[in-house]
Amino acid sequence: MYRTHTCGELRAANIGQSVVLCGWAQKVRKLGGMTFLDIRDRWGITQLVADEKSEQKVQSDVEKIGREFVIQCEGRVVERSNKNSKIPTGEVEVAIDRVVVLNSSEIPPFTIEDDTDGGDELRMKYRYLDIRRNPVKNALLLRHRVAQEVRKYLDKKSFIEVETPFLIKSTPEGARDFVVPSRMNQGEFYALPQSPQTFKQLLMVAGMDRYFQIVKCFRDEDLRADRQPEFTQIDCEMSFVERDDILLTFEGLMMHLFKEVKGIEFTKPFQRMSYSDAMTLYGSDKPDIRFGMEIRQIDSLAKGKGFPVFDSAEYVGGICVPGCASYSRKQIDELTLFVQKPQIGAKGLVYVKLEQDGTIKSSVDKFYSPEDLKAWASHMGASTGDLLLIMAGPQKRTLEGLGQLRLEMGNRLNLREANTYAPLWVVDFPLLEWDEESKRFFAMHHPFTSPILSDAHLFDSDAGAIRANAYDLVINGVEIGGGSIRIFDRTLQQKMFAALGFTQEEAEHQFGFLLNAFRYGAPPHGGIAFGFDRLCAVFGGSDSIRDYIAFPKNNSGRDVMINSPSDISQVQLNELGISLKDKK
RNA sequence: GGUUCGGUAGUUCAGUUGGUUAGAAUAUCGCCCUGUCACGGCGAGGGUCGCGGGUUCGAGUCCCGUCCGGACCGCCA
């Protein structure tokens with residue numbers, strides 16, 4: 001045994017014991033006659049001390065220890081004369097009897113401290129050092145805790161964990177596939193799964209009834225702070241269920257996680273909102289409902305008064321920002337620039353200030369009387385001291401722009417507190433999405449999503465209006481999970497494929513295995529998948545999922561620690577029957 | 001594919017209209033220091049200013065190109 005205790009364990013109750021600790025040297029503080037040495041491991045940090053009473057060898061050994069040396073120390077637990085209330089082991093220290101350097105260390109490229117001096121790139125390159133730091137270490141511990149609680153809850157609810165293959169078949173719908181060449185079948189390729197979607201449905205046909213898996217998924221698309229090429233889902237599917245059975249089961253999972261991991265109890269069921277309400281009120285299919293500031297349409301009040309911008313717009317609407325009537329010209333200009341960014345692309349921003357003295361000032365005073373503007377204010381629920389921000393233009397874009405402006409104002413007014421959690425089910429998504437470029441419908445969720453059956457008659461008349469029996473879980477404006485009731489009827493599935501522009505042959509070629517399975521008695525089923533990395537980040541109060549992944553990739557999909565992707569040898573290429581195009 | 005911000009000491013950054021020997025903090029090393037815990041004091045070493053080209057008497061600074069990194073748009077069923 002290298003050690004008797006961990007570095008986070010010793011308390012006043014241990015005083016007088018002889019102990020052996022192992023860990024990394026965090027910091028050596030020499031004070032002339034005495035030396036303090038902090039030793040650290042996953043569990044915590046303990047102060048070691050050598051002074052005049054220590055043997056000469058101990059004193060000189062301690063002085064040779066540098067940062068991040070791996071050391072073993074034998075000593076006696078003593079009470080500190082100066083206690084440190086900031087750390088759990090702060091009442092005691094270990095008087096060193098013997099210290100051994102198990103391994104020395106080069107000087108690390110950044111400091112191993114909570115507030116490190118290292119930038120992101122460097123930390124990624126030396127991720128194994130970064131993980132020694134508390135913030136990253138704690139993120140991984142949190143992730144472990146969440147995973148364990150997921151398994152505990154789902155196991156209790158009779159779900160079983162089944163592994164599905166990673167080397168599968170490329171499909172045309174959805175994200176770009178990562179592709180793996182086959183040596184034994186030259187010229188052919190596996191694809192890595194974007195999710196185990198079809199396999200979990202096959203498991204339902206196979207009678208497993210309730211399946212889950214905490215599983216890696218792969219999508220070859222450009223990255224963001226909350227998107228990695230490989231990420232983890234909590235993937236679930238249930239048989240003989242309707243939508244509400246699923247919502248309640250997984251609302252239960254979320255409540256369990258919030259309680260066990262965060263100590264937060266939800267007493268009421270999660271709010272539910274239709275996709276169309278989410279878009280009209282929040283300009284987003286993943287609204288942050290921690291704060292109000294809902295969008296209001298004012299077409300009927302704003303049009304026909306001679307202001308050409310509004311008169312010609314498909315949609316006029318705005319948000320009421322509480323208490324911001326005092327915003328300066330400069331602040332309003334900033335907001336105008338914000339909505340004019342190419343990412344939002346608005347033409348401009350109209351403001352109406354409801355001043356404290358009861359007067360109303362706006363950027364469109366020329367066109368609207370104070371009475372007109374008062375009508376806007378009362379329609380938008382504004383009161384004295386509030387600021388109305390109005391945008392106009394094409395309906396969808398303007399709503400989305402207002403949605404982004406709303407989030408920006410929420411940030412500016414600190415209305416998006418990290419420790420407040422507002423979960424929300426968004427339901428009744430459109431089944432199909434029209435793509436202008438290819439002039440065809442795409443499945444908004446995936447091709448196996450069931451329409452709401454009362455809408456199914458619209459397949460031939462107005463397919464774009466069909467609502468899907470699909471749902472997303474949104475927490476604090478982050479899409480945490482989504483799923484649907486699946487089609488289990490062959491005729492309906494064929495209508496769906498037809499709407500997506502698949503011929504019978506194409507459908508057979510791509511999804512024949514699933515359609516075949518459906519010939520042999522598919523139960524009604526549905527499921528959901530949660531973004532595990534995002535869920536952990538939300539629990540940790542962070543916008544970036546990277547700290548919750550032990551070894552993440554950077555913006556360009558590179559692992560800067562192992563330097564991948566990388567070349568492979570000509571021998572490997574030959575074996576695979578692959579020749580490379582010349583780079584230009 | 002696009003927009004935008006950045007790249008200067010091991011690290012995080014500053015560096016004025018283009019002008020002497022490129023600075024600070026921190027880390028590192030040395031000396032001093034008996035209760036530190038962001039220890040303190042004194043001192044030292046440490047630079048391909050991402051790379052290439054251009055403008056100029058003179059470029060860290062201006063221009064062009066390129067590489068790398070961050071955020072975002074497109075994309076992500």
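Every chain is numbered from 1 and lettered A, B, ... according to where its sequence line falls, protein lines coming before strand lines.
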_Check: A/Asp41 side chain, A/Cys7 main-chain N or O, donor-acceptor pair, under 3.5 Å_ = yes
*Closer than 4.0 Å, any side-chain N/O of A/Arg224 to the OP1 or OP2 of B/C73?*
yes
*Pairwise C1' distance, B/G60 and B/C49 [rounded to whole Å]*: 5 Å
*Candidates B/G35, B/C37, B/C75 - which lies nearest the side chain of A/Asn84*: B/C37
*For A/Arg219 and A/Asp38, take the nucleotide of RNA chain B holding the closest heavy atom to each; which residue's nucleotide lies nearer the 5' end?*
A/Asp38
*With nearest nucleotides of RNA chain B determined for A/Asp117 and A/Thr111 from heavy-atom distances, which residue corresponds to the more 5′ nucleotide?*
A/Asp117
*asked:* Enumerate the ring pair (Phe, Tyr, Trp, His ring centres under 6.0 Å) contacts for residues 24-46 of chain A, please, sequence neighbours excluded, ordered by first and then second residue.
replied: none
*In whole angstrom, give me the gap between the C1' atoms of B/U56 and B/G19.*
12 Å
*Check the distance between B/A25's C1' and A/Asp115's CG and give it to me in whole angstrom.*
15 Å
_Distance, rounded to the nearest Å, where A/Leu122 contributes CG and B/G10 contributes C1'_ = 9 Å
*Can any side-chain N or O of A/Arg534 pair as donor or acceptor with the backbone N or O of A/Glu479 at less than 3.5 Å?*
yes
*asked:* What's the gap between B/A59 and B/G53 when it is taken at their P atoms, as a whole Å value?
replied: 13 Å
Expected rows: protein N/O vs nucleotides 67-70 of chain B N/O, under 3.5 Å:
residue: B/G69; atom: OP1; partner: A/Asn554; partner atom: ND2; Å: 2.8
residue: B/G69; atom: OP2; partner: A/Ser556; partner atom: OG; Å: 3.3
residue: B/G70; atom: OP1; partner: A/Asn555; partner atom: N; Å: 3.2
residue: B/G70; atom: OP2; partner: A/Asn555; partner atom: N; Å: 3.2

*Would you mind classifying the nucleic acid contact of A/Lys83 as base, sugar-phosphate or nothing, using non-hydrogen atoms under 4.0 angstrom?*
base
*Side-chain donor or acceptor of A/Asp51 under 3.5 Å from a matching atom on the base of B/G35?*
no
*asked:* Base, sugar-phosphate or nothing for A/Phe442? Non-hydrogen atoms, less than 4.0 Å.
replied: nothing
*Does the A/Glu63 side chain pair with the main chain of A/Ser60, one donor and one acceptor, at a distance under 3.5 Å?*
no
*To the side chain of A/Asn82, which of B/U36, B/U11, B/C76 is closest?*
B/U36
_Nearest listed nucleotide, side chain of A/Ala175, among B/C75, B/C76, B/U36_ = B/C76
Please output the side-chain donor-acceptor pairs of residues 75-82 of chain A that fall under 3.5 Å, not counting sequence neighbours, one pair per line with the distance.
residue: A/Arg76; atom: NE; partner: A/Asp97; partner atom: OD1; Å: 3.3
residue: A/Arg76; atom: NE; partner: A/Asp97; partner atom: OD2; Å: 3.2
residue: A/Arg76; atom: NH2; partner: A/Asp97; partner atom: OD1; Å: 2.9
residue: A/Glu79; atom: OE2; partner: A/Lys83; partner atom: NZ; Å: 2.9
residue: A/Arg80; atom: NE; partner: A/Gly90; partner atom: O; Å: 3.3
residue: A/Arg80; atom: NE; partner: A/Val92; partner atom: O; Å: 3.0

*Just jot down the side-chain hydrogen bond (donor to acceptor under 3.5 Å, both in side chains) partners of A/Tyr548, sequence neighbours excluded, or say none.*
none
*Using side-chain hydrogen bond (donor to acceptor under 3.5 Å, both in side chains) as the criterion, list what pairs up with A/Gln201, not counting sequence neighbours.*
A/Gln197, A/His525
_A/Phe218 CZ to B/C76 P, straight-line distance once rounded to whole Å_ = 19 Å
*asked:* Does atom CD (A/Glu55) have a neighbourhood of more than 12 heavy atoms from anything else shown, all under 6.0 Å?
replied: no
*asked:* Regarding B/C37, can its base be found pairing with the side chain of A/Arg80 as donor and acceptor, where the two atoms are less than 3.5 Å apart?
replied: yes
Might you list the N or O atoms of the protein lying below 3.5 Å from N or O atoms in nucleotides 2-5 of chain B, with each pair's distance?
none

*Spell out protein contact along nucleotides 28-33 of chain B as letters: B when the base is contacted, S when just the sugar-phosphate is, - when no protein heavy atom is under 4.0 Å; keep the 5' to 3' order.*
S----B
*Could you check how far CZ of A/Phe338 sits from C1' of B/C72, rounded to whole Å?*
11 Å
*Pairs counted as Watson-Crick or G-U wobble with both distances under 3.5 Å: what dot-bracket string results for RNA chain B, using | for bases tied to another strand?*
(((((((..((((.....[...)))).(((((.......))))).....(((((..]....))))))))))))....
*Got A/Leu458 and A/Pro451 here, is their nearest side-chain heavy-atom distance under 4.5 Å?*
no
*Expressed as a whole number of Å, how far does the P atom of B/C63 sit from that of B/C68?*
22 Å
*asked:* Roughly how many Å apart are B/A24 and B/C64, using the C1' atom of each and rounding to a whole number?
replied: 33 Å
_Can you check the distance between B/A14 and B/C62, where both ends of the measurement are the P atom (answer in whole Å)?_
14 Å
*State whether the side chain of A/Gln26 and the backbone N or O of A/Ile112 hold a donor-acceptor pair below 3.5 Å, judged by distance alone.*
yes
*Between the side-chain atoms of A/Arg123 and the base atoms of B/U11, is any donor-acceptor pair under 3.5 Å?*
no
*Can you tell me the distance, in whole Å, between the CZ atom of A/Arg227 and the C1' atom of B/C72?*
11 Å
*If you draw a 6.0 Å radius around NZ in A/Lys553, do more than 12 non-hydrogen atoms from other residues or ligands fall strictly inside?*
yes
*For A/Asp435 and B/G74, what is the distance between atoms CG and P respectively, to the nearest whole Å?*
13 Å
*Within the distance-only criterion (no hydrogens, no angle test), does the side chain of A/Asp177 pair as donor or acceptor with the backbone N or O of A/Thr171 below 3.5 angstrom?*
yes
_Residues in side-chain hydrogen bond (donor to acceptor under 3.5 Å, both in side chains) contact with A/Arg486, at least two apart in sequence or another chain_ = A/Glu237, A/His446, A/Ser484
Validation: residues 128-135 of chain A side-chain donor-acceptor distances under 3.5 Å, sequence neighbours left out:
residue: A/Asp130; atom: OD1; partner: A/Arg123; partner atom: NE; Å: 3.0
residue: A/Asp130; atom: OD1; partner: A/Arg133; partner atom: NH1; Å: 2.7
residue: A/Asp130; atom: OD2; partner: A/Arg123; partner atom: NE; Å: 3.1
residue: A/Asp130; atom: OD2; partner: A/Arg123; partner atom: NH2; Å: 3.2
residue: A/Asp130; atom: OD2; partner: A/Arg127; partner atom: NH1; Å: 2.9
residue: A/Arg132; atom: NH1; partner: A/Glu68; partner atom: OE1; Å: 2.8
residue: A/Arg133; atom: NE; partner: A/Glu113; partner atom: O; Å: 2.8
residue: A/Arg133; atom: NH2; partner: A/Asp114; partner atom: O; Å: 2.7
residue: A/Asn134; atom: OD1; partner: A/Lys137; partner atom: NZ; Å: 2.8
residue: A/Asn134; atom: ND2; partner: A/Asp114; partner atom: OD1; Å: 3.0

*In whole angstrom, give me the gap between the C1' atoms of B/G15 and B/G6.*
16 Å
*Starting at atom NE2 of A/His446, determine the distance to atom P of B/C76, rounded to an integer number of angstrom.*
15 Å
*Nearest-Å distance, CZ (A/Phe231) to C1' (B/C75)?*
14 Å
*On a whole-Å scale, what distance lies between the P atoms belonging to B/U66 and B/U4?*
15 Å
*Counting only distance, no hydrogens or angles, is the base of B/C39 paired donor-acceptor with the side chain of A/Arg29 under 3.5 Å?*
no
*List for me each residue that meets salt bridge (charged side-chain N to carboxylate O under 4.0 Å, His left out) alongside A/Asp222, sequence neighbours excluded, and say none if there are none.*
none
_Restricting to side-chain hydrogen bond (donor to acceptor under 3.5 Å, both in side chains), what partner residues turn up for A/Arg490, sequence neighbours left out?_
none
